[in-house]
Amino acid sequence: MADSKIEQLLKKREHLLKGGGDKAIEKQHQLGKLTARERLDLLFEENTFRETHLFIKHHCTHFGIKDREFPGEGVVTGHGVIDGRPVYAASQDFTVAGGSVGEATARKIAELMDAALKTGDPFVMINDSGGARIQEGVDSLSGYGRIFYRHVLLSGVVPQISIIAGPCAGGAAYSPALTDFIIQVRHKGQLYITGPLVIKQVTGEDITAEQLGGVESHAYYSGVVHFIAENDEDAINITKRLLSFLPSNNTEDPPFLPELYDEEILPDESLNDIVPQDSSEPYDMREIVVRVVDRGDFMEIQEHYAPNIVIGFGRLTGRTIGIIANQPKHKAGVLDIDSSDKASRFIRFCNAFNIPVVTFVDVPGFMPGVQQEYGGIIRHGAKMLFAYASATVPKLTVVVRKAYGGAFLAMCAKSMGADTLCAWPSAEIAVMGAEGAVNVLYRKEISEAPDPKVERNRRLEEYKDTFANPYFAASHGMVDDILEPAETRAYLAAALEVLKAKRELRPQKKHGLIPM
Ligand code: HXC
C-alpha cells in the first residue's frame, strides 16, 4: 500500500518535472534556449536546489482552461546555494503555456519573495514568458501586482537580479525594471512595454521585436539593461559573479576575501604615466581603475550606456567597493542626463548594501546645451548630489585631473561628504574652467587690449597657474593629500581600513525626496 503511494508520488513528480513535455522542451532547445530547470541547475551548486509548490494548480474556469493542466503553473520556484550562500530563484517555464503568469503562478513567486525577505537572501528571477495568462484575466493581472509590490518591499533589503532569457513583454517588463540588475541574453531576450504591432497601430512606426526590445535597444540606448549575456550559461555566470560582490542583505557586509587582504601593496609606477601631459587629451579611465582594484578584477556595469561615466564593482584588500569614474574617452567625461542617472542609481545601490564608494574624478563640467536643459539636466544632475550626500557608506574620492564647478561637487567633493579626498599632481580643481572664467572676468580688459588675443592668453595662463592645479584647493582644506599616482592603491587601502567601522547617523525621516 505504502509502496503504491510512493510510486504514485514519484510518477506525478516525474510528469510535472517535464513541464510542457518532451516536444515543448525540444522546441525550447531548438530555439537555442535552456529550459527553466536547466537554468536553475546551472545557477545552483549541485543538489542544493529545493523546489517549492511543484504540485500547485490553477482554479480558473474560463476560456477552456478549466481542465487544462499547466505543470508547476509555468514557473519553477525554490532556493539553493551559490558560493556557499542561500539564494532564492524563480525561473519561468516557457514550455508551459509560454511561461504565462496565472494567479497561482504569481502566488508561488510572491511567496518565494516573502521568504527571501524573511531570511535575508538574494532573489533571482529568470524571465521567459508571454506575460499575464490571458485566460485568467484580472486574476493574473493582480498576480503581477503582487509580484511588483514585493519587488518594492525587497528593494534595498536583499539584492534582486533579473535575467531576460526570452520574451518579457507588456506590463511584465516592470518586474525586472523594479529589480537591481538586469542581464539580457542576446537574440533571445526581448523586453518591451508595447510590441511592434501595437506600435504600428498607434504611431505608425515599423520596427521588429528584436530592434525594439533586444540588447542593442536596452544596453546601449535605454539603459534598462545592465549586462549583455551571449547565452543562458553566460547569463548565469554573470549572475554568480555579480552575487560574489554583494552581501546577502542590507544588514550584512559584502563577502570579505582574506587572501586578498594579505597581499602586499607595492607602488604601481605605471599609474604615473596614464594621464597625458596635455590636459585636453583623452585617456581610458579604466586603465586607472583596473590598476587600483585587487588583481585587476573589475566588473563593469552598463558598459555601453552613457559611457562617459564608468561604474562597477571591484575589491580593495578583499573588500567590495563600488567605483564611479568619469571617462575622458567619451564626451570628455562630462556629466549629462544619462550619466547622472546611471551613476546616482549605482551610488544608492552601494549605500543600501554597505558597499564603500570610490570615485575617480576627471570632469570638465555638466553638459551644456538646449537639449540637456530641456531634458532636465538640473533635475538629473541633482540626483548625483542627492545620492552622494545621502550615502553614509565610506566615500573615497580621487581627483585625477579636471574637477570643475558643480560637476566636481556632484562627483563627491569633501563638502558633499567625501570621507577622504586625494588629488594627483595633474588635478585641476576650480569653480569653473579657464576659458569660461576669463570670458566672464576680463571681457572688458580683453576687448580693450591692443592685442585682444595676447591679452586673453595672458589671462588664461594667469588663471590656470592659480587654479588649474591641486595646491590652491589643498591650501583651502578641500584636499586631504596630494599623491604620486603610484601610491593610490596603498592610500585608498589605508583609508578603507580606517573607514570600515564608519557609522554616520542622519535625522529621522520617512524618506527624502530624490529629484526623480
Ligand atoms: C496565455 C500564452 C500567453 C499568454 C503565450 N501563450 N503567451 N497563453 N497567456 N500571455 C501560450 C500560447 O498560446 C502558446 O500556447 C504557448 O504559450 C507558446 O506561445 P507561442 O505564441 O506559440 O510562442 P512564440 O511563437 O514563441 O511566441 C511567444 C510570444 C507570443 C511572443 C510570447 O506567445 C505572444 O506574443 N504572447 C502574448 C504576449 C502578450 O501580449 N502578453 C501580454 C499579456 S497581458 P500553446 O497552447 O499553443 O502551446 C499582460 C498585462 C500586463 O501581460 C501584466 C503585468 C502588469
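As the structure lists them, so they are numbered: ligands from 1, and atoms in each ligand from 1.
- Summary of contacts: the protein heavy atom closest to atom 24 (P) of ligand 1 is Phe94 CZ, 4.3 Å.
- Considering only non-hydrogen protein atoms, atom 29 (C) of ligand 1 sits nearest to Pro167 CG, 4.6 Å.
- Residue-ligand proximity: Gln190 is placed with every non-hydrogen atom at 4.0 Å or more from ligand 1.
- Nearest protein heavy-atom neighbour of atom 38 (C) of ligand 1: Gly130 O, 3.2 Å.
- Two residues are said to be in side-chain contact when any heavy atoms from C-beta on lie closer than 4.5 Å; Ile324 and Tyr388 meet this criterion.
- Atom 52 (O) of ligand 1 is flagged as protein-proximal [any protein heavy atom, distance under 4.0 Å].
- Geometric assessment of Lys342 against the ring of Tyr305 yields a negative cation-pi assignment under the 6.0 Å and 45° thresholds.
- Between Phe49 and Phe44, a ring centre-to-centre spacing shorter than 6.0 Å is recorded.
- In Arg68, the part holding a heavy atom less than 4.0 Å from any atom of ligand 1 is the side chain.
- Atom 17 (O) of ligand 1 is approached by the protein to below 4.0 angstrom, counting heavy atoms only.
- A salt bridge links Glu73 to Arg133: at least one charged side-chain nitrogen sits closer than 4.0 Å to a carboxylate oxygen.
- Relative to the six-membered ring of Phe298, Arg286 misses at least one condition, a distance below 6.0 Å or an angle of at most 45° to the axis.
- Distances shorter than 4.0 angstrom do not occur between any heavy atom of Gly170 and any atom of ligand 1.
- Contacts with ligand 1 closer than 4.0 Å are made by backbone heavy atoms (N, CA, C, O) of Ala97 only, the side chain lying farther away.
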Check the pair Asp419 / Lys395 against salt bridge (charged side-chain N to carboxylate O under 4.0 Å, His left out), numbers first and verdict last. CA-CA 5 Å; Asp419 295 297; Lys395 293 179 280 194; 6.0 Å; no
